[in-house]
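All of these numbers come straight from a predicted model, not from anything done at the bench. Sequence lines set the chain letters: A, B, ... in the order given, protein chains first and strands last, and positions in each chain run from 1.
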Number of protein chains: 2
Amino acid sequence: MFTLAEENYLKAIFHLEMESEGEVSTNAIAESMDTKPSSVTDMVQKLAEKKLLTYKRYKGVQLTAEGKKVAVNVIRKHRLWEVFLVEKLNFQWDEVHEIAEQLEHIQSEELITRLDKFLGSPDFDPHGDPIPDKHGVLKRTEKKLLSELKKNQSGICVSVKESNGEFLQYLNKKKIAIGVKIYVLGKEFFDGSMVIRVGGEQFFISHKIAENLYVQTQK
Amino acid sequence: MFTLAEENYLKAIFHLEMESEGEVSTNAIAESMDTKPSSVTDMVQKLAEKKLLTYKRYKGVQLTAEGKKVAVNVIRKHRLWEVFLVEKLNFQWDEVHEIAEQLEHIQSEELITRLDKFLGSPDFDPHGDPIPDKHGVLKRTEKKLLSELKKNQSGICVSVKESNGEFLQYLNKKKIAIGVKIYVLGKEFFDGSMVIRVGGEQFFISHKIAENLYVQTQK
DNA sequence: TTTTATTTTTAGTCCTGTCTAAATATAAAG
DNA sequence: CTTTATATTTAGACAGGACTAAAAATAAAA
């Protein structure tokens with residue numbers, strides 16, 4: 001269908017479009033793909049020929065609906081494979097990216113349909129990023145502080161606000177890591193402290209902790 | 001490490017070396033890979049440069065130890081992925097080859113180590129072909145008629161001797177298919193009939209049936 | 001609004017892997 | 001032991017993707 005290089009360009013451009021609205025510049029693409037601007041121009045012209053994006057000289061590019069479809073599908077595959085690697089093969093969440101970069105280019109609709117089912121149709125990958133469904137629909141998500149969640153809401157840990165050794169050690173001890181799902185079981189009004197569940201364990205955390213942890217939630 | 005094309009050539013040459021002893025001819029490679037002899041000559045010269053095979057003009061090629069190692073590793077990956085596709089994703093054994101052709105080129109030692117473990121270190125793929133271990137050691141196997149097995153031996157169904165509709169229907173009814181493991185639980189001397197186990201079921205089969213079914217066994 | 005700096009594009013080259021057409025070896029047949 | 005057929009190799013070309021160096025636009029500064 002599409003070559004490996006084409007898929008990688010479309011994916012990179014898609015990510016850049018997410019980060020900032022409007023056209024994506026040649027230089028931005030080159031930097032994000034660790035390649036030269038002249039190579040980008042070449043490829044971008046080919047992709048424009050194929051109607052996967054619109055291109056105006058010196059103005060940058062924008063994906064067409066078709067181009068987006070291809071990009072999102074690659075991202076879907078990438079994230080599903082990451083779930084497989086972590087959930088089934090017990091990789092750490094930070095070890096899987098390179099392998100998923102390869103697996104995302106395997107061509108077979110049926111394979112992905114079955115893999116998705118095998119994994120229980122997950123909504124998020126191990127980094128907390130949402131997995132598009134087979135029609136390319138990306139669940140809209142929002143990054144908030146854990147402290148902003150209400151009782152009975154949940155989110156996936158995606159990053160920390162201020163990082164310091166002791167805090168990271170605390171997280172480690174409590175088995176809180178990127179990609180881990182956190183359920184808010186209860187919340188006290190007067191001090192903002194929470195009771196949360198992480199994996200099988202449930203425990204108490206202070207407002208100070210909850211205020212230093214970013215989670216991704218469905219909108 | 002090696003390119004996709006290089007891996008495919010080494011794999012094809014390895015299979016040809018298995019089929020017939022001695023050097024492998026340019027034309028044989030071209031035919032098996034559905035490419036032109038001139039392309040084969042080009043690639044073969046590059047592989048000789050890299051010491052993956054020995055090449056004498058007009059005489060054909062032979063893999064070196066290093067070349068064999070690479071080829072066997074690709075075959076190991078191919079067969080492990082086939083097991084995954086059939087056992088975990090519920091593909092039929094005859095639907096998996098194309099997908100495994102792609103998956104076999106994914107580069108990651110660790111991935112294969114873990115995949116192997118996840119699958120329970122299988123000895124055979126769904127077609128009944130043996131899976132090399134991580135050191136490249138291929139279990140020596142032998143293809144025999146089921147009727148040649150003794151009590152308490154087992155084999156993997158790999159093909160039928162004479163095919164006819166009724167026989168295939170019988171096999172279907174009894175859930176005997178390519179890749180299925182058959183255990184011989186008992187054997188009668190006077191008529192050669194057997195009691196076998198296939199999956200959870202155990203039942204009786206006549207000598208006529210046992211004589212028409214090829215199984216792969218460890219040597 | 002010139003001048004300068006930055007971004008982007010073009011032109012030409014290279015490498016991989018393939019092909020066709022032509023040349024050369026080897027094998028088979030007379 | 002020539003002639004003919006077949007197998008193999010070389011030479012030259014091409015497509016995909018990338019690069020360098022130089023030219024052309026655009027943006028920023030004076």
Among C:dG17, C:dT8, D:dT9, the nucleotide that comes nearest once only the side chain of B:Tyr55 is considered: D:dT9

Counting only side-chain heavy atoms from C-beta out, which of D:dT9, D:dA18, D:dC19 sits nearest to B:Pro37? D:dT9

What's the [atom1]-[atom2] distance between [X] and [N], to the nearest Å?
X	N	atom1	atom2	value
B:Met43	C:dT18	CE	P	5 Å
A:His105	D:dG16	NE2	C1'	16 Å
B:Lys36	D:dC14	NZ	P	19 Å
B:Asp42	C:dT16	CG	P	12 Å
A:Phe2	D:dG16	CZ	C1'	16 Å
B:Asn8	C:dT16	CG	P	17 Å
B:Lys56	C:dA25	NZ	P	18 Å
A:Ile29	D:dG17	CD1	P	15 Å

Is the charged tip of B:Arg79 near the ring of B:Phe124: under 6.0 Å from the six-membered ring centre and within 45° of its axis? no

May I ask you to verify if any side-chain N or O of [X] is less than 4.0 angstrom from the OP1 or OP2 atom of [N]?
X	N	value
B:Arg57	D:dT10	yes
A:Asn27	C:dT8	yes
A:Thr35	D:dA18	no
B:Ser39	C:dG17	no
A:Gln45	C:dT9	no
B:Thr3	C:dG17	yes

Taking side chain as C-beta onward, heavy atoms only, is A:Leu111 less than 4.5 Å from B:Leu85? yes

Go nucleotide by nucleotide along DNA chain D from the 5' end; which of A:Lys59 and A:Asp34 gets its closest nucleotide reached first? A:Asp34

Which part of the nucleic acid does B:Thr26 contact within heavy-atom distance under 4.0 Å: base, sugar-phosphate only, or nothing? sugar-phosphate

Taking donor-acceptor contacts at under 3.5 Å, does the side chain of B:Tyr58 reach the base of C:dT24? yes

I'd like to know if A:Thr41 reaches the base of C:dT10 with its side chain, counting only an N/O donor and acceptor under 3.5 Å. no

Would you please say whether a donor-acceptor pair under 3.5 Å links the side chains of A:Thr141 and A:Gln216? yes

Residues 90-103 of chain A vs salt bridge (Lys or Arg N to Asp or Glu O under 4.0 Å), sequence neighbours excluded, gives A:Lys11-A:Glu101

Classify the angle between the aromatic ring planes of A:Tyr170 and A:Phe167 as parallel (below 30°), tilted (30 to 60°) or perpendicular (above 60°). parallel

